[in-house]
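In this text, all values refer to a predicted model and were calculated from it rather than measured experimentally.
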Amino acid sequence: AYAAPEVQLAELRRRFDTALTKRGVSVPASRPYREHFDQITETPSFIDAARQFVRLYEEARFGTRRDPETVDRLKKLVEEIEQEAGSSKK
């Protein structure tokens, strides 16, 4: 079955949010993701992947990058964050 880009993006964002929660990162609803990650000074290994996800997600959601390659890259970034969330609990 074919999923519309909006449905795919919504699912990826849900997975992203869940992975962040598992990592102990909470983004206030009133604060944009990009702004939140730009102000993080510590550098856990997943932060770079999170920043890349946010940049690509915004381009796909609000811009013109809704090609399959962008969706695939977003999936890979979420998977990377999910794996780190599962493997580096303290």
Side-chain angles (χ1 to χ4, degrees):
Y2 173 77
E6 293 80 13
V7 173
Q8 290 177 312
L9 291 173
E11 174 62 14
L12 288 169
R13 181 173 172 168
R14 185 197 62 74
R15 288 176 57 191
F16 180 70
D17 288 338
T18 299
L20 290 179
T21 299
K22 288 181 181 177
R23 297 286 297 158
V25 175
S26 175
V27 180
S30 62
R31 187 177 214 185
Y33 279 111
R34 188 181 295 244
E35 180 182 310
H36 183 76
F37 286 109
D38 284 349
Q39 293 186 359
I40 291 179
T41 55
E42 60 195 47
T43 53
S45 56
F46 73 93
I47 290 295
D48 285 338
R51 287 181 176 135
Q52 289 177 47
F53 178 90
V54 169
R55 181 182 53 79
L56 272 179
Y57 175 83
E58 288 176 350
E59 289 175 11
R61 178 78 171 91
F62 305 111
T64 58
R65 293 196 61 173
R66 292 195 177 185
D67 54 274
E69 293 80 16
T70 299
V71 173
D72 286 344
R73 180 68 184 134
L74 286 167
K75 285 179 188 175
K76 286 184 172 104
L77 288 166
V78 167
E79 289 167 0
E80 181 180 329
I81 297 165
E82 288 171 336
Q83 288 172 359
E84 290 201 29
S87 67
S88 55
K89 291 178 183 175
K90 292 183 179 181

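In this structure, CZ on Phe46 lies 10.0 Å from CZ on Arg51, to the nearest 0.5 angstrom. To the nearest 0.5 angstrom, Glu80 atom CD is 7.0 Å from Gln52 atom CD. Of the inter-residue distances, the one linking Thr18 atom OG1 with Arg23 atom CZ reads 14.5 Å to the nearest 0.5 angstrom. Taking CG of Asp48 as the start and CD1 of Ile81 as the end, the distance is 10.0 Å to the nearest 0.5 Å. With values rounded to the nearest 0.5 angstrom, Asp72 atom CG is found 11.0 Å from Leu77 atom CG. Atom CD of Glu58 is separated from atom CG of Leu56 by 10.0 Å, given to the nearest 0.5 angstrom.
For Arg61, there are no side-chain hydrogen bond (donor to acceptor under 3.5 Å, both in side chains) partners at least two apart in sequence or on another chain. In terms of the side-chain hydrogen bond (donor to acceptor under 3.5 Å, both in side chains) criterion, residue partners of Asp17 (sequence neighbours excluded) are, by chain and number, Tyr33.
Between Leu9 and Tyr57, the closest heavy-atom pair is O-CE1, 3.6 Å. Residue Ser26 comes nearest to His36 through the heavy atom pair O-CE1, 3.5 Å, listed as atom of the first residue, atom of the second, then distance. Residues Leu12 and Val78 share a closest heavy-atom pair of O-CG2, 3.9 Å.
Residues Glu59 and Thr70 are not in side-chain contact: their nearest non-hydrogen atoms beyond the backbone lie 4.5 Å or more apart. Between Phe16 and Leu74 there is no side-chain heavy-atom pair separated by less than 4.5 Å.
Between Glu11 and Arg15, no side-chain nitrogen of the basic residue sits less than 4.0 Å from a carboxylate oxygen of the acidic one, so the salt-bridge criterion is not met.
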